[in-house]
There are 2 protein chains.
Amino acid sequence: MKPVTVPLYQAKAEFFRMLGHPVRIRVLELLSDGPMPVRELLAQIEVERSNLSQQLAVLRRSGIVASVREADTVVYSLAGPDVAELLRAARRILTELITGQQDLLAELREADTTTSSAE
Amino acid sequence: MKPVTVPLYQAKAEFFRMLGHPVRIRVLELLSDGPMPVRELLAQIEVERSNLSQQLAVLRRSGIVASVREADTVVYSLAGPDVAELLRAARRILTELITGQQDLLAELREADTTTSSAE
DNA sequence: TGGCGAATTGATGATTCCTTCAATCGGTAG
DNA sequence: CTACCGATTGAAGGAATCATCAATTCGCCA
């Protein structure tokens, strides 16, 4: 029956890669509070309409969001409840990592005051 | 003091992008069970030594792993305990997504038996 | 000191991803 | 029917990522 048969670690990698874009992250976070029409997403995120559509298409293809047409607008929603939890876990780790990096920076300050990791 | 100042959603995106590679995922999963020398990682993962080093460098730069030299080998470990939890959350969502996709496929089987979403 | 194994780094071509613009679809109102 | 608005799609150029090869570092030992 050939059931897709992709190694699990590769599926995971594709999943994370799907998350690896600022606009897509913002969309998922906004949808964490409930369904939202494209018009509203467009108002909250600074991005061109066409670009937003591209990113929404990526999310749709992966199956993490669903879209429904209502009259003249399209409404998006999360496909499952665990997504919000994943984003929380990610935030926890990020906080941890950033804190760790700031500790490192504090140690390095005496050597180079113009240190920046944001290029 | 200019504390890195990267929008949070962008930091998150970079974080997920950092996770978005099969070899890097496998490394993190192996390290979830405890520190491990490069030699062992190399034995468990099918990848060239040089390529593994490249991926380890990516993980190191992000701060999610740390490396220590011991005699003639280098030992890697996770930088924090939350990483394993994140991987678990990801697995949950993936299972959910794949299950959903299989439901969809089941519905579609009657229309096209060669359906494949693994290109 | 010279050489060896383990690991990393630098550079390069190939692939993939991202942004943008133009064209298209779907629905609604005039 | 035509015009318009919201949203999606297709295509193309530019940027980032990946795999691979050669060169280098680091520690050990003969």
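Sequence lines set the chain letters: A, B, ... in the order given, protein chains first and strands last, and positions in each chain run from 1. Heavy atoms only: backbone and side chains are in, while hydrogens, waters and symmetry mates are out. These numbers come from a predicted model, not from an experiment.
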To the nearest angstrom, how far is Met36(B) atom CE from dA6(C) atom P?
17 Å
Rounded to the nearest Å, what distance is computed from the CZ atom of residue Arg49(A) to the P atom of nucleotide dG26(C)?
17 Å
In whole Å, I'd like the distance from the NE2 atom of His21(B) to the P atom of dA19(D).
4 Å
Between CG of Leu56(A) and P of dC18(C) the distance, given in whole Å, is 14 Å
Sequence neighbours excluded, the answer for side-chain contact (heavy atoms from CB on, under 4.5 Å) partners of Ser77(B) is Pro35(B), Ala66(B)
Please list, chain by chain and in numerical order, all residues satisfying side-chain contact (heavy atoms from CB on, under 4.5 Å) with Glu48(B), sequence neighbours excluded.
Asn51(B)
Looking at dG6(D), dT9(D), dA19(D), which one has an atom nearest to any side-chain atom of Gln55(B)?
dA19(D)
5'-most contact on DNA chain D: Val38(A) or Val58(B), nearest heavy atom basis?
Val38(A)
Tell me: CD of Glu40(B) to P of dA7(C), nearest whole Å?
11 Å
Point-to-point distance, once rounded to the nearest 0.5 Å, from CZ of Arg26(A) to CD of Gln10(B):
11.5 Å
Sub-4.5 Å side-chain heavy-atom contact between Leu8(A) and Lys12(A)
yes
d(CD, Glu14(B); C1', dT17(D)) in whole Å:
14 Å
Reckon Thr73(A) touches a base, only the sugar-phosphate, or nothing at all at heavy-atom distances under 4.0 Å?
sugar-phosphate
Check whether Arg24(A) reaches the backbone of Met18(A) with its side chain - one donor and one acceptor, N or O, closer than 3.5 Å.
yes
Mind calculating the distance between CZ (Arg61(B)) and C1' (dT8(C)) to the nearest angstrom?
11 Å
In whole angstroms, how far is the P atom of dC18(D) from the CD atom of Gln10(A)?
13 Å
Using a cut-off of strictly less than 4.0 Å, decide whether Tyr76(A) has a side-chain nitrogen or oxygen near OP1 or OP2 of dG6(D).
no
The contact string for nucleotides 21-30 of chain D, one letter per nucleotide 5' to 3', using protein heavy atoms under 4.0 Å with B, S and - for base, sugar-phosphate only and none, comes out as BB---BSS--
For the student: nearest non-hydrogen atoms of Val23(A) and Ile45(A), plus distance:
O-CD1, 4.3 Å
Contact check, side chains of Val27(B) and Tyr76(B), non-hydrogen atoms, under 4.5 Å
no
Whichever of Arg17(A) and Glu70(A) has the more 5' nearest nucleotide on DNA chain C, that residue is Arg17(A)
Arg60(B) side chain: which of dT19(C), dT9(C), dC18(D) is closest?
dT9(C)
Closest to the Ser53(A) side chain, choosing from dT17(D), dT9(C), dT8(D)
dT8(D)
As a test of reading the structure: which of dT8(C), dC17(C), dT8(D) is closest to the side chain of Val74(A), going by heavy atoms?
dT8(D)
